[in-house]
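All values below were derived from every heavy atom in this structure, side-chain atoms included, with hydrogens, water molecules and symmetry-related copies excluded.
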Amino acid sequence: METQKTNVVVIGAGTVGSMALWQLSKRDGLDVVGIEQYGRVHSHGSYAGESRVFRTAVHEGGTYVRMIQRSRELWRELEAESGRSIYAEVGCLSIAPEGFPDLETALGTVRDFDLPHRVLSTEELRAEFPQHRVHDGDVGLLDAHGGGLRPEVAVMSALDLAEANGAKLLFNTPVIDVEERPDGVVVRTTQGAWIADTVILASGSWSSRLSPS
């Protein structure tokens with residue numbers, strides 16, 4: 001079978017691959033191919049399931065905050081372009097004993113980056129969130145920009161938009177081999193081969209099959 005040429009091949013059409021395909025498909029003059037070993041949105045990926053939490057008041061410190069803020073903009077952009085509800089910005093509540101290290105880091109993050117939030121005392125937590133068992137000395141941090149994402153809807157929406165923008169998507173097509181050559185990168189699949197200027201490997205936990213090291 002003849003090796004076909006393209007600019008970019010994205011291997012894996014899950015969390016990262018679908019978003020890469022969506023963004024790349026917007027670029028004028030760029031031929032993009034997405035290759036997925038399973039079907040269009042499936043139960044074998046790390047994104048599978050009904051929901052994922054989204055936080056801006058992160059416990060890991062400020063390193064990721066600018067990226068998180070940008071990703072929030074992109075979730076809204078994906079909703080607008082797809083016409084689907086993907087991100088429910090209902091707030092994200094963290095509860096811990098006063099002085100708990102992770103909570104203190106998150107409090108520092110919201111203050112450093114001026115993120116919308118509320119700090120709740122033990123009494124306020126018990127009054128406003130009676131569904132939780134609040135211990136004496138617990139405090140709460142309500143991240144106003146936090147909420148829940150619908151991961152499967154997000155992946156489906158990104159793939160639909162990428163395809164509508166002209167990306168070629170191949171499903172149920174396992175990749176057999178990836179070979180770097182002076183003239184490009186060859187991706188061999190069960191449905192033929194592609195040679196691309198760039199290959200994005202977005203196969204998540206399946207990546208060790210292609211690159212065991």
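In this structure, Arg52 and Ser46 approach most closely via the heavy-atom pair NH2-O, 2.6 Å. Pairing each heavy atom of Ile86 with each of Ser82, the nearest pair is CD1-OG, 4.0 Å. Pairing each heavy atom of Asn7 with each of Ala196, the nearest pair is O-CB, 3.8 Å. The heavy-atom pair separating Ser25 from Val32 by the smallest distance is N-CG2, 4.5 Å. The minimum heavy-atom distance between Gly147 and Cys92, with the atom names listed, is N-CB, 4.1 Å. Shown here for Ala13 and Leu21, the closest heavy-atom pair between the two residues is CB-CD1, 4.4 Å.
Few gaps surround NZ on Lys26; more than 12 heavy atoms of other groups in view lie less than 6.0 Å from it. Heavy-atom neighbours of Phe113 CZ from other residues, nucleotides or ligands within 6.0 Å: above the threshold of 12. By the neighbour-count criterion of 12 heavy atoms within 6.0 Å, atom CD of Glu128 is densely surrounded, having more than that number from other residues, nucleotides or ligands.
When the side chain to side chain contact (heavy atoms under 4.5 Å, CB included) test is applied to Arg40, the partners found at least two apart in sequence or on another chain are Met156, Leu159, Asp160, Glu163, Leu169, Phe171. In this structure, the side chain to side chain contact (heavy atoms under 4.5 Å, CB included) partners of Asp102, at least two apart in sequence or on a different chain, are His59, Phe100. Among residues two or more places apart in sequence or in another chain, the side chain to side chain contact (heavy atoms under 4.5 Å, CB included) test is passed with Ser51 by none.
Leu149 and Val53 are assigned to two separate hydrophobic clusters, defined by single-linkage of ILVMFWY side chains at heavy-atom distances under 4.5 Å. Follow the hydrophobic side-chain contacts under 4.5 Å out from Val90 and you never reach Val110; the two are in separate clusters. In this structure, Trp75 is not a member of the same hydrophobic cluster as Val41, with clusters built from ILVMFWY side-chain heavy atoms closer than 4.5 Å. Clustering ILVMFWY residues whenever any of their side-chain heavy atoms sit less than 4.5 angstrom apart, transitively, puts Leu120 in a cluster other than the one holding Leu141. Residues Leu24 and Val16 do not share a hydrophobic cluster, clusters being chains of Ile/Leu/Val/Met/Phe/Trp/Tyr side chains in contact below 4.5 Å.
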task = Check step by step if side-chain contact (heavy atoms from CB on, under 4.5 Å) holds for Val119 and Leu107.
result = CA-CA 9 Å; Val119 178; Leu107 285 166; 3.6 Å; yes
request  = Go through the steps to decide whether Ser121 and Val139 satisfy the test side-chain contact (heavy atoms from CB on, under 4.5 Å), and finish with yes or no.
outcome  = CA-CA 5 Å; Ser121 67; Val139 294; 5.6 Å; no
key: Trace of the side-chain contact (heavy atoms from CB on, under 4.5 Å) decision for Val10 with Ile35   = CA-CA 6 Å; Val10 178; Ile35 302 174; over 6 Å; no
request  = Would you please test Asp197 and Lys5 for salt bridge (charged side-chain N to carboxylate O under 4.0 Å, His left out) and show each step?
outcome  = CA-CA 9 Å; Asp197 303 317; Lys5 292 184 178 181; over 6 Å; no
ask   = Please walk me through it: do Thr122 and Glu124 pass side-chain contact (heavy atoms from CB on, under 4.5 Å)?
value = CA-CA 6 Å; Thr122 304; Glu124 289 171 325; over 6 Å; no
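Contact check for Thr3 versus Trp194: no side-chain heavy atoms found under the 4.5 Å cut-off. Side-chain contact between Asp183 and Ile195: present, with at least one pair of heavy atoms (C-beta onward) separated by less than 4.5 Å. Contact annotation: the side chain of Leu115 approaches that of Thr109 to within less than 4.5 Å [non-hydrogen atoms, C-beta and beyond]. Residues Ile200 and Val8 form a side-chain contact, since some pair of their non-hydrogen atoms from C-beta on lies under 4.5 Å apart. The closest side-chain heavy-atom distance from Val178 to Val186 is not below 4.5 Å. Two residues are said to be in side-chain contact when any heavy atoms from C-beta on lie closer than 4.5 Å; Asn172 and Gln37 fail this criterion. For the pair Met19/Leu78, a side-chain contact is recorded, criterion being any heavy-atom separation below 4.5 Å from C-beta on. Between Thr190 and Ile176 the shortest side-chain heavy-atom distance falls below 4.5 Å.
Among residue pairs with one or both ends in residues 132-161, none qualify as ring pair (Phe, Tyr, Trp, His ring centres under 6.0 Å); sequence neighbours excluded. Sorted by first then second residue, the side-chain hydrogen bond (donor to acceptor under 3.5 Å, both in side chains) pairs that include residues 146-157, not counting sequence neighbours, are Arg84-Ser157. The ring pair (Phe, Tyr, Trp, His ring centres under 6.0 Å) pairs that include a residue from residues 13-49 are Tyr38-His42, Tyr38-His44, Tyr38-Trp206, His42-His44, His42-Tyr47, where partners are two or more places apart or lie in different chains.
In summary, Glu73 and Arg76 do not engage in a salt bridge, as defined by a charged side-chain N under 4.0 Å from a carboxylate O.
Residue Ser18 holds its OG atom at 9.5 Å from CD of Glu36, rounded to the nearest 0.5 Å. The structure places CZ of Arg72 at 13.5 Å from CD of Glu77, a figure rounded to the nearest 0.5 Å.
Gln69 and Arg66 share a side-chain donor-acceptor pair at under 3.5 Å.
Without hydrogens or angle criteria, Glu79 side chain to Tyr87 main chain gives a donor-acceptor distance under 3.5 Å. For Asp138 (side chain) and Val134 (main-chain N/O), no donor-acceptor pair under 3.5 Å exists by modelled atom type. Counting only distance, with no hydrogens or angles, the side chain of Asp143 and the backbone of Thr56 share a donor-acceptor pair below 3.5 Å.
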